[in-house]
Amino acid sequence: QVQLVESGGGLVQAGGSLRLSCAASGRTFRNYNMGWFRQAPGKEREFVGAISWSGGSPYYADSVKGRFTMSRDKNTVYLQMNSLKPEDTAVYYCAAGPLGATGRTDFGSWGQGTQVTVSP
């Protein structure tokens, strides 16, 4: 099992930027995929993006493509969020799953989430 802890959320004005961090510990495998998801109040958790543990093959949802960027440094995965919009407001979660995983059900380990609020 992999333990994940998100941080870096907060309040930002539209057009601003935030960088989320996901610290991984425990049984981390080199062939894992790391994913980012978000959930707004009253809505289902949706896919944001995913990368392999090595940092290759990044894949982004159309809603964030060109604005969000994923990366990894040592045991921490990052989600750089630029040009934020009010509709980006949600609790953001990181997750770990098998190599190549992109769907929510493919990920077996989840963090507790960090709140991102974007004001108009």
Side-chain angles (χ1 to χ4, degrees):
Q1 293 294 111
V2 177
Q3 290 77 51
L4 306 172
V5 179
E6 303 95 337
S7 62
L11 175 65
V12 64
Q13 289 186 335
S17 299
L18 284 174
R19 188 180 74 164
L20 305 184
S21 300
C22 176
S25 62
R27 299 175 66 180
T28 302
F29 301 95
R30 294 183 179 182
N31 61 345
Y32 262 52
N33 244 32
M34 301 299 297
W36 286 96
F37 294 78
R38 65 186 183 185
Q39 187 167 22
K43 295 189 175 182
E44 295 183 349
R45 191 169 299 185
E46 66 174 350
F47 174 79
V48 174
I51 59 170
S52 67
W53 184 251
S54 65
S57 302
Y59 182 78
Y60 300 90
D62 289 340
S63 59
V64 305
K65 194 174 299 181
R67 300 188 297 121
F68 291 10
T69 304
M70 297 174 291
S71 63
R72 183 186 67 81
D73 182 25
K74 297 181 179 178
N75 290 326
T76 303
V77 177
Y78 300 96
L79 179 67
Q80 178 67 46
M81 305 185 296
N82 299 325
S83 301
L84 283 163
K85 306 174 181 179
E87 49 263 47
D88 294 320
T89 296
V91 176
Y92 283 72
Y93 301 87
C94 65
L99 185 65
T102 57
R104 179 179 58 82
T105 58
D106 294 332
F107 293 88
S109 298
W110 294 84
Q112 293 299 308
T114 184
Q115 176 71 48
V116 172
T117 302
V118 184
S119 62

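Note that the numbering runs from 1 along the sequence shown for the chain. Computed from heavy atoms alone, side chains included, the values below leave out hydrogens, waters and symmetry copies. Remember, it's a predicted structure, so these values are computed and weren't measured experimentally.
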Treat each ILVMFWY residue as a node, draw an edge where side-chain heavy atoms are under 4.5 Å apart, and state whether Trp53 and Tyr59 are in one component. no
Linked, directly or transitively: Met81 and Phe47 (ILVMFWY side chains, under 4.5 Å): no
So the disulfide (SG to SG under 2.5 Å) pairs with at least one residue in residues 38-90 (sequence neighbours excluded) are none
Do Val118 and Glu87 have side-chain heavy atoms sitting under 4.5 Å apart? no
I'd like to check Leu20 versus Thr114 (side-chain heavy atoms, cut-off strictly below 4.5 Å). Are they in contact? yes
Would you find a donor on one side and an acceptor on the other, under 3.5 Å apart, between the side chain of Asn33 and the backbone of Gly100? yes
From Ser119 atom OG to Leu11 atom CG, the distance as rounded to the nearest 0.5 Å: 5.0 Å
Check for me, please, whether Val5 and Val2 land in the same ILVMFWY cluster - side-chain distances under 4.5 Å, paths through other members count. no
According to the salt bridge (Lys or Arg N to Asp or Glu O under 4.0 Å) rule, which pairs have a member within residues 44-54, sequence neighbours left out? Arg38-Glu46
Note: with side-chain heavy atoms under 4.5 Å as the link, the other cluster members for Leu99 come out as none
Look at atom CZ of Arg72 and say whether more than 12 heavy atoms of other residues, nucleotides or ligands are closer to it than 6.0 Å. yes
Flag side-chain contact, heavy atom, 4.5 Å: Trp36 against Val64: no
Validation row: Leu84, Leu18 side chains within 4.5 angstrom (heavy atoms): yes
Output every pair passing disulfide (SG to SG under 2.5 Å) with a member in residues 86-120, not counting sequence neighbours, ordered by first then second residue. Cys22-Cys94
How would you list, by chain and number, every residue that makes a side chain to side chain contact (heavy atoms under 4.5 Å, CB included) with Pro98, sequence neighbours excluded? Ala101
Of all heavy-atom pairs between Ala90 and Ala40, which one has the smallest distance, and what is that distance? CB-N, 3.8 Å
For residues 2-22, which residue pairs pass the ring-ring contact (aromatic ring centres under 6.0 Å, His included) check, not counting sequence neighbours? none
ring-ring contact (aromatic ring centres under 6.0 Å, His included) partners of residues 62-106, not counting sequence neighbours, each pair once: none
List the residues meeting salt bridge (charged side-chain N to carboxylate O under 4.0 Å, His left out) with Asp62, not counting sequence neighbours, and say none if there are none. Lys65
About how many Å separate CD of Gln115 and CD of Gln39, when rounded to the nearest 0.5 Å? 11.0 Å
Less than 4.5 Å apart, any side-chain heavy atom of Val48 and any of Tyr60? no
Enter the distance from Ser71:OG to Leu79:CG here, rounded to the nearest 0.5 Å. 8.5 Å
Is the shortest side-chain heavy-atom distance between Met70 and Met34 below 4.5 Å? no
Please enumerate all residues that pass side chain to side chain donor-acceptor pair (under 3.5 Å) together with Ser52, with sequence neighbours excluded. Ser54
Return the minimal non-hydrogen interatomic distance between Ala14 and Pro120, and the atom names on each side. CB-C, 4.2 Å
What are the two closest non-hydrogen atoms of Ala24 and Leu4, and how far apart are they? CB-CD2, 3.7 Å
Of all pairs that satisfy side-chain hydrogen bond (donor to acceptor under 3.5 Å, both in side chains), the ones with a partner from residues 2-21, not counting sequence neighbours: Ser17-Asn82
Taking salt bridge (charged side-chain N to carboxylate O under 4.0 Å, His left out) as the definition, give me every residue that meets it alongside Lys43, ordered by chain and number, with sequence neighbours left out. none
Could you name each residue pair satisfying ring-ring contact (aromatic ring centres under 6.0 Å, His included) that touches residues 101-120, not counting sequence neighbours? Phe37-Phe107, Phe37-Trp110
